[in-house]
Amino acid sequence: MSTSFVVTVALPVPLRRQFDYLPSHPTDLRENYPPGSRVQVPFGRRSLTGVILAISDESELPISRLKPVAKVLDRAPLIPSVILQLCQWVADYYHAPIGEVVFAALPPPLRTANADTDIISSLQETYWGATSLGLSAGNAEHLIKGAKQKQLWGLLLKRKSMLQGDITGLGYSLTQLRALSAKGLIQPHSHIPGGGGAAPQIIEPPQLNQEQQEALNRISSEPDSFRTILLNGVTGSGKTEVYLAWIALALSQRPDSQFLALAPEISLTPQLRQRFALRFGDKVAAYHSALTDKERMRVWINILEGRTQIVIGTRSAVFLPFNDLAGIIVDEEHDSSFKQQDGARYNARDLAILRAKEHSCPIVLGSATPSLESLMNARGGRYESVLLRQRAVNADTPSIRLLDIKSRPLHGGISPPLLEEIKQHLTEQRQVMLFINRRGFSPTLMCVECGWLAECQHCDARLTYHMKAALLRCHHCDSTYSLPTCCPKCKQDSLKAVGAGTERTEEFLETTFPDTPVIRIDRDTTQTKGSLQDKLLQIRSNEPCIIVGTQMLAKGHDFPNLALVGIINADSGLFSSDFRAAEKTAQLLLQVAGRAGRSAVEGKVIIQTLFPSHPLLQAIAAQDYNAICEEELHIREAGRLPPFTSMALIRAEAPLLEAALGGLWSLKESLLELLKFNDGLQIEVHGPFPSVMQRKQNRFHAILWLFAPQKAELRQFLKHWLRYSEGIATPSGFRWLIDVDPLETL
DNA sequence: AGCACGCCGACT
DNA sequence: GTCGGCGTGCTC
């Protein structure tokens with residue numbers, strides 16, 4: 001029996017390489033080095049935490065150059081082998097350093113070596129439940145002041161006990177808990193997570209309509225086989241109810257199985273989570289980057305040990321260590337935030353499909369406006385297609401009207417006809433939502449005398465004027481500038497805020513409708529934890545109000561009394577050089593429009609534009625997403641663009657534009673060189689081009705476009721090329737990376 | 001990414 | 001005379 005073996009380790013360094021080590025002692029057994037366990041190893045002159053990828057008989061390097069592992073940190077593998085496989089695949093497909101990928105799959109506390117301390121014991125947390133006094137007080141509501149506290153009390157009455165992390169996760173504060181505790185209504189107690197206790201409160205599921213029932217039948221027809229189902233349902237068609245019914249059905253057949261639901265952004269998860277929690281109680285947990293390390297850690301461990309069965313998460317949740325996954329849902333599958341934009345640039349939607357395959361379970365991709373990629377896959381028979389054509393709650397699809405704002409005066413971005421409509425709907429006790437793609441007061445500050453514009457010193461961008469904060473801010477590098485009192489160039493008192501952002505529209509509406517609440521929802525007003533939740537609760541009270549907000553509003557929210565949606569300006573996406581602009585614009589506008597008239601209320605959408613005859617807007621007004629896709633697919637096919645070809649980018653940056661472009665020229669030269677030896681390959685290299693936003697934080701950005709007929713061809717070629725790209729001389733300060741299947745191509 | 005080694009400017 | 005700038009090279 002040979003005892004000599006080599007341990008291959010992934011380390012958190014940006015190198016496309018694995019590192020081999022020897023066991024700590026020559027007599028060590030292979031069983032003590034299971035793949036997926038963390039190790040402490042010497043690396044250069046520092047010591048790093050790594051993850052064992054594999055054990056093998058020999059190394060590419062001579063044994064004499066290998067160092068021994070310092071310590072094995074985990075007794076059992078922390079990362080299941082399916083996740084390790086997924087990481088390997090991501091590293092290979094996206095040409096990402098394996099270490100970066102593996103460490104992205106671990107919750108932050110496990111990335112560093114807090115040695116072998118017992119993780120579970122550190123997870124004991126506080127639970128809150130009603131006291132006997134609270135329970136016997138009957139209607140204790142009159143004792144409680146705040147609406148939020150009343151709600152919290154109601155929640156704690158229904159659920160016998162709740163983990164503090166879950167309570168705060170739903171947007172309640174510790175202050176609110178303490179206030180109830182001070183009244184003697186509730187008390188904290190501790191017990192170990194998963195030790196039973198909290199009884200899930202199950203609400204009676206609503207009756208599915210016939211379409212939903214048919215969709216459910218299709219999805220659940222073969223529970224134990226891998227299938228990708230594209231659930232294409234108009235906004236308001238009740239996709240979420242189908243998901244819930246599917247999970248309920250699957251759990252009745254296999255009670256211990258697990259489910260993963262991915263949602264594009266955190267802003268969406270609380271609501272989705274609540275709907276899941278109402279149905280499945282504390283089987284449900286949320287997982288996203290806004291959680292504290294401890295919260296993430298707890299969810300991670302609970303999934304690993306099978307205590308948490310259903311997770312609502314954002315893209316990083318695709319790496320969670322489920323071991324008995326029975327189904328995956330990707331909600332709003334077209335959304336570009338599933339694509340990671342830094343580090344390992346993976347698309348969580350595509351990884352989710354891979355996971356479903358690994359676990360041999362169905363995956364449902366849901367959207368009212370599916371991506372062209374998914375539509376193509378459905379056509380090619382790789383995905384099954386399920387349609388929901390009607391809105392669920394006897395509501396019609398809203399009407400969309402294009403409003404020409406040429407030569408119409410705008411106040412706070414709003415034209416007189418739109419203002420009339422707002423008035424009208426408010427008198428009818430309805431809610432109104434205005435969508436503006438810009439936060440801040442105005443996107444430009446200019447001098448009307450000499451034409452001076454407030455610009456960022458570090459970026460090629462105008463500064464946004466924030467009135468309440470009384471400053472200028474760059475939305476690209478986040479630097480701030482104090483507000484000039486007069487024009488810095490001509491010294492006259494002639495500065496003017498040009499254009500409208502959410503803040504200006506909010507201000508205008510507040511003065512125009514002093515008796516109506518104006519609720520602004522953008523990154524600036526939802527910074528503090530729970531503030532978005534508060535605003536959403538206020539809207540869901542169904543009192544008349546005006547909601548002003550950015551993209552955040554477009555996704556998934558369900559506001560029953562919302563009747564009118566105004567889109568302040570639809571024109572930014574009409575003349576972009578991004579080949580995905582039409583697809584993105586159609587998706588965004590139709591999603592926003594879909595917020596209107598979701599229950600019995602009749603919905604109306606008004607899109608302000610300078611180009612009402614633009615074909616894309618015409619098609620959007622006709623709500624013919626199919627026609628838009630049809631047209632787009634023709635254009636993409638003719639232009640040999642994705643999804644008809646495979647695409648990758650090389651993105652570069654350097655302190656000078658010349659260096660960024662020059663470095664890319666060197667890379668391109670070497671790519672072409674390698675292509676010469678591979679005659680059969682139909683790979684095209686275009687560029688280099690300066691990025692649309694050339695200068696960002698005083699660094700210059702440029703890109704190279706690569707196209708190939710097949711994904712595998714491009715992947716193989718790049719893999720091959722990377723093996724000897726290290727010798728290429730590039731200018732100093734030149735950094736570059738590969739972006740496979742980019743969604744952002746400028 | 002770190003963290004070294006390595007050659008050229010203003011300071012006790 | 002040294003302290004220190006960041007250029008480039010390596011890490012199993």
Side-chain angles (χ1 to χ4, degrees), chain A residues 3-26 28 30 32-73 79 84 87-88 90-92 94-106 108-114 340-346 650-656 658-660 662-664 666-667 670 697-700 722-739:
Chain A
T3 51
S4 102
F5 60 95
V6 167
V7 185
T8 302
V9 175
L11 292 172
V13 287
L15 301 169
R16 288 186 192 86
R17 235 171 296 166
Q18 306 176 154
F19 296 89
D20 289 341
Y21 287 86
L22 297 170
S24 304
H25 302 290
D28 275 352
R30 291 158 115 97
N32 296 333
Y33 296 82
S37 298
R38 296 174 307 152
V39 284
Q40 195 68 28
V41 292
F43 189 67
R45 48 205 74 197
R46 52 207 173 117
S47 168
L48 292 178
T49 303
V51 171
I52 301 177
L53 293 174
I55 300 290
S56 52
D57 293 321
E58 47 195 45
S59 172
E60 286 176 19
L61 265 70
I63 297 293
S64 59
R65 285 190 49 196
L66 304 187
K67 294 175 181 175
V69 168
K71 194 175 184 195
V72 180
L73 296 172
I79 305 183
L84 230 38
C87 291
Q88 301 263 23
V90 171
D92 193 50
Y94 293 100
H95 304 105
I98 181 72
E100 236 167 60
V101 180
V102 169
F103 278 77
L106 283 174
L110 293 179
R111 304 207 250 237
T112 51
N114 36 6
Q340 178 101 50
Q341 284 301 337
D342 48 70
R345 299 186 155 235
Y346 62 87
I650 297 182
R651 300 178 178 276
E653 53 166 88
L656 297 168
E658 297 68 41
L664 282 180
S666 306
L667 297 186
S670 114
Q697 292 179 80
N698 269 334
R699 294 193 52 93
F700 288 84
L722 279 167
R723 275 209 282 273
Y724 77 117
S725 66
E726 281 168 33
I728 303 165
T730 52
S732 87
F734 179 82
R735 318 254 77 213
W736 60 278
L737 59 86
I738 295 177
D739 188 351

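Naming: A, B, ... by sequence-line order, numbering from 1 per chain.
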**OP:** Could you state the atom-to-atom distance from CG of A:Leu15 to P of C:dC12 in whole Å?
**Re:** 11 Å
Subject >> Length of the line joining A:Gln18:CD and C:dT11:P, which is rounded to integer Å >> reply: 17 Å
**OP:** Using heavy atoms and a sub-4.0 Å distance, could you list which residues of residues 94-104 of chain A are near DNA chain C? By number, please.
**Re:** none
Subject >> Qualifying residues under side chain to side chain contact (heavy atoms under 4.5 Å, CB included), relative to A:Pro731, sequence neighbours excluded >> reply: A:Ala659, A:Phe734
**OP:** Whole angstrom is fine here: how far is it from CZ in A:Arg735 over to C1' in C:dT8?
**Re:** 11 Å
Sequence neighbours excluded and cut-off under 3.5 Å, please list the side-chain donor-acceptor pairs for residues 58-70 of chain A, or say none.
residue: A:Ser59; atom: OG; partner: A:Asp20; partner atom: OD2; Å: 2.6
residue: A:Ser59; atom: OG; partner: A:Leu61; partner atom: N; Å: 3.0
residue: A:Lys67; atom: NZ; partner: A:Gly44; partner atom: O; Å: 3.4

**OP:** State which residues pass salt bridge (Lys or Arg N to Asp or Glu O under 4.0 Å) with A:Arg16; sequence neighbours excluded, sorted by chain then number.
**Re:** none
**OP:** Applying side chain to side chain donor-acceptor pair (under 3.5 Å), name anything that partners A:Ser666, two or more places apart in sequence or on another chain.
**Re:** none
Subject >> 4.5 Å side-chain heavy-atom contact, A:Glu100 and A:Pro12 >> reply: no
Original post:
With sequence neighbours left out, which residue pairs that include part of residues 54-73 of chain A fulfil the ring-ring contact (aromatic ring centres under 6.0 Å, His included) condition?
Top reply: none
Original post:
With sequence neighbours left out, what residues match A:Asp57 under salt bridge (Lys or Arg N to Asp or Glu O under 4.0 Å)?
Top reply: A:Arg30
Subject >> Side-chain N,O (A:Arg17) to OP1/OP2 (C:dC10) below 4.0 Å >> reply: no
Original post:
Whole-Å distance between B:dA1 P and A:Trp736 CH2?
Top reply: 13 Å
Subject >> Reported NZ-to-OG1 distance for the pair A:Lys71 and A:Thr49, which is rounded to 0.5 angstrom >> reply: 10.5 Å
Original post:
Any side-chain heavy atom of A:Ile738 sitting closer than 4.5 Å to one from A:Leu722?
Top reply: yes
**OP:** Nearest whole angstrom, please: distance from the P of C:dC10 to the CG of A:Leu48.
**Re:** 19 Å
Subject >> Interface residues of residues 39-47 of chain A with DNA chain C (non-hydrogen, below 4.0 angstrom) >> reply: A:Pro42, A:Phe43, A:Gly44
**OP:** Using atom NZ of A:Lys67 as one end and atom P of C:dT11 as the other, report the distance to the nearest whole Å.
**Re:** 9 Å
Give each protein N/O atom lying under 3.5 Å from an N/O atom of nucleotides 6-8 of chain B, with the pair distance.
none

Original post:
Passes side chain to side chain contact (heavy atoms under 4.5 Å, CB included), A:Val13 versus A:Phe19? Steps please.
Top reply: CA-CA 11 Å; A:Val13 287; A:Phe19 296 89; 4.1 Å; yes
Subject >> A:Tyr346: partners by ring-ring contact (aromatic ring centres under 6.0 Å, His included), with sequence neighbours left out >> reply: A:Phe319
What protein N or O atoms touch nucleotides 5-7 of chain C N or O atoms at under 3.5 angstrom, if any, and at what distances?
none

Original post:
Partners of A:Gln88 by side chain to side chain contact (heavy atoms under 4.5 Å, CB included), sequence neighbours excluded?
Top reply: A:Gln18, A:Leu53, A:Ile98
**OP:** Rounded to the nearest angstrom, tell me the gap between atom CZ in A:Phe19 and atom P in B:dG2.
**Re:** 13 Å
Subject >> Non-hydrogen side-chain atoms of A:Val39 and A:Tyr21 separated by less than 4.5 Å >> reply: no
**OP:** Please state how far atom CZ in A:Phe5 lies from atom P in C:dC12, giving the value in whole angstrom units.
**Re:** 19 Å
Subject >> Heavy-atom side-chain contact between A:Gln697 and A:Glu653 under 4.5 Å >> reply: no
